[in-house]
Amino acid sequence: MTFATLGLIEPLLRALETLGYQTPTPVQAQAIPAVLAGRDLMAAAQTGTGKTAGFALPLLQLLTMEGPKVAANSARALILCPTRELAEQVHASVAEYAQHLPLTTYAVYGGVSINPQMMKLRKGVDILVATPGRLIDLFRQNALKLNQLQTLVLDEADRMLDLGFSEELANIYRMLPKKRQTLLFSATFSDDIRLLAGQMLNDPLSIEVSPRNVAANTVKQWVVPVDKKRKPELFVHLMRKGRWKQVLVFAKTRNGVDALVDKLQGLGVNADGIHGDKPQATRQRALDRFKASDVQILVATDVAARGLDIEDLPLVVNFDLPIVAEDYIHRIGRTGRAGNTGEAISLVCADEVNMLSAIEMLTRQTLTRKMEPDFEPEHRVPETDASGQVVKKPKKPKKPKASGGGGKRNLGKWVDSGEVAPAEPSIKPVRKVPVFNTGPRKKK
Ligand code: AMP
């Protein structure tokens, strides 16, 4: 199959040739003809499957072939994305695909001044990529009207809900013309996503290009159990041992990102970090430098890393496991893209066992554990498997106290986990994963 047989017009085929896309990916093969035929779509496609071109190419074609010229302060197509980074990235892809077409494109998001965006919208744009909050601001300030809208795309819809945009989406829904084409893309399908789809879509075609909620099988995944306090040391050890060249690292908190970057920079490693506290321009610069291989290790929080598209990224490291299991799929989706193989290593401490269990349940696999010599944890990570069971072994009996006092100092290496518990932060409850009873079951 070729892009030409899918019915794409010559200016698009020329752009794809320049980009080196030869064969449509499965999501493109299914989505392109359906969108060209005017259907609504509900697509389960994780990142790295080529979903952006899957919706952007037919969308650009329809806008070129049909519909009126865009009016002032209007948009003919709207692509909603959960984060600024994804909005920038989707916009960059759309602009590349549209390079030989007489269409205008633009991206708007929060965290930067709204005035230049308002100015830019004055003449109207054919395709507007936006994050939900900023879109509503522009609408309320009369900088944008949506009555000319032909197509709405909800990209990474699950992530938009995870980030708490459900109210914004409900508001945007009320601003849209009733007659329109709507395309919804999501890596995972929870009940909330189905509810949203039920409201927004009209007789949608369902597309599923990889088993639902199962991470790309081109990614080799494993877990290294370790004590929490030794994670930085283990990271440096693995980095040197594996001669890591370009690594995207995920940490749970902003402080966690800064601490690891400081440590790495202190060791002379070329590392940088991105998180929500950093200005947009700084984040973009770090990302660009990482993509250009000027930065070797990029440490990020989930929100900041959303939508990063780095070709051939060989390795993703979960310095901390994500609190929401679905984020694991998004994280490791950064590697093993477009047919390449990748690796995803998670450093897991005893505190994170419930998160590990939730991830194994969601991805329906037991992650291989590899103990690293000299880093075996004192606080054992209980056994887990894809059933969601956490096997807690009975506690070791306490060692009798050495006579003459001396307290814990005399306990040597052996410390009962019960004794250190008060000093550790408690584990946040892991969100329940409501996905198992919703999809069609595979026949045995
Ligand atoms: P996406 O899932 O849309 O984020 O795309 C993942 C990556 O695959 C991006 O770097 C795209 O440029 C690339 N890509 C998308 N479609 C194709 C294709 N048909 N052939 C080769 N690369 C592609």
Side-chain angles (χ1 to χ4, degrees), residues 1-8 12-36 41 43-61 79-99 105 107 127 129 153-160 183-188 207-212 214-219 246 248 287-288 290-293 300 305-314 316 326-327 329-342:
M1 188 191 299
T2 62
F3 284 104
T5 55
L6 294 177
L8 291 179
L12 288 172
L13 296 177
R14 223 177 336 139
L16 294 176
E17 204 177 313
T18 319
L19 291 170
Y21 292 14
Q22 284 166 356
T23 320
T25 65
V27 70
Q28 291 161 2
Q30 293 181 63
I32 292 171
V35 178
L36 287 177
L41 274 194
Q46 62 197 66
T47 198
T49 54
K51 66 185 167 69
T52 315
F55 63 75
L57 293 169
L59 173 66
L60 290 166
Q61 178 151 335
I79 303 172
L80 282 178
C81 298
T83 64
R84 310 158 191 184
E85 281 80 7
L86 185 63
E88 271 293 350
Q89 189 175 297
V90 167
H91 177 250
S93 297
V94 170
E96 276 184 326
Y97 305 143
Q99 59 186 285
T105 64
I127 300 171
V129 187
V153 181
L154 298 162
D155 194 14
E156 305 208 352
D158 51 346
R159 188 64 183 173
M160 284 199 267
L183 318 173
L184 182 147
F185 286 77
S186 192
T188 53
I207 294 184
E208 195 173 337
V209 291
S210 56
R212 186 170 299 150
V214 176
N217 55 15
T218 48
V219 183
Q246 194 195 22
L248 180 61
L287 178 57
D288 291 343
F290 182 61
K291 283 188 177 184
S293 299
R306 191 70 187 165
L308 298 192
D309 177 25
I310 301 128
E311 276 176 44
D312 298 339
L313 187 63
V316 165
E326 281 96 335
D327 280 339
I329 295 176
H330 292 306
R331 287 179 177 190
I332 74 163
R334 311 288 142 210
T335 180
R337 291 187 151 204
N340 294 311
T341 52

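Note that ligands are numbered from 1 as they come in the structure, with each ligand's atoms numbered from 1 the same way. Every value quoted in this text rests on a predicted model; they were computed, and no experiment measured them. We count residues from 1, following the sequence as given.
Annotation: side chain of L6 is not in contact with side chain of L57 (no heavy-atom distance under 4.5 Å). You'll find the side chain of D155 reaches within 4.5 Å of the side chain of K51, heavy atoms only.
At a heavy-atom distance under 4.0 Å, no atom of L19 approaches ligand 1. Looking at F55 against ligand 1, nothing comes within 4.0 Å, counting heavy atoms.
Looking at G50 next to ligand 1, an N or O pair under 3.5 Å apart turns up. In terms of polar-atom proximity, defined here as any N/O pair under 3.5 Å, Y21 does make such a contact with ligand 1. The shortest N or O to N or O distance between T52 and ligand 1 is under 3.5 Å.
Sorted by first then second residue, the salt bridge (charged side-chain N to carboxylate O under 4.0 Å, His left out) pairs that include residues 21-30, not counting sequence neighbours, number zero.
Looking at K51, E156, Q28, Q89, it is Q28 that brings a heavy atom closest to atom 15 (C) of ligand 1.
Of the options T188, D327, T83, a side-chain hydrogen bond (donor to acceptor under 3.5 Å, both in side chains) to R159 is made by D327 and by none of the others.
Within a 6.0 Å sphere centred on CD of Q99, other residues, nucleotides and ligands contribute more than 12 heavy atoms.
Remark: ligand 1 atoms within the under-4.0 Å shell around heavy atoms of T23 are 18 (C), 19 (N), 20 (N).
In this view, T105 and H91 satisfy the side-chain hydrogen bond (donor to acceptor under 3.5 Å, both in side chains) rule, not counting sequence neighbours.
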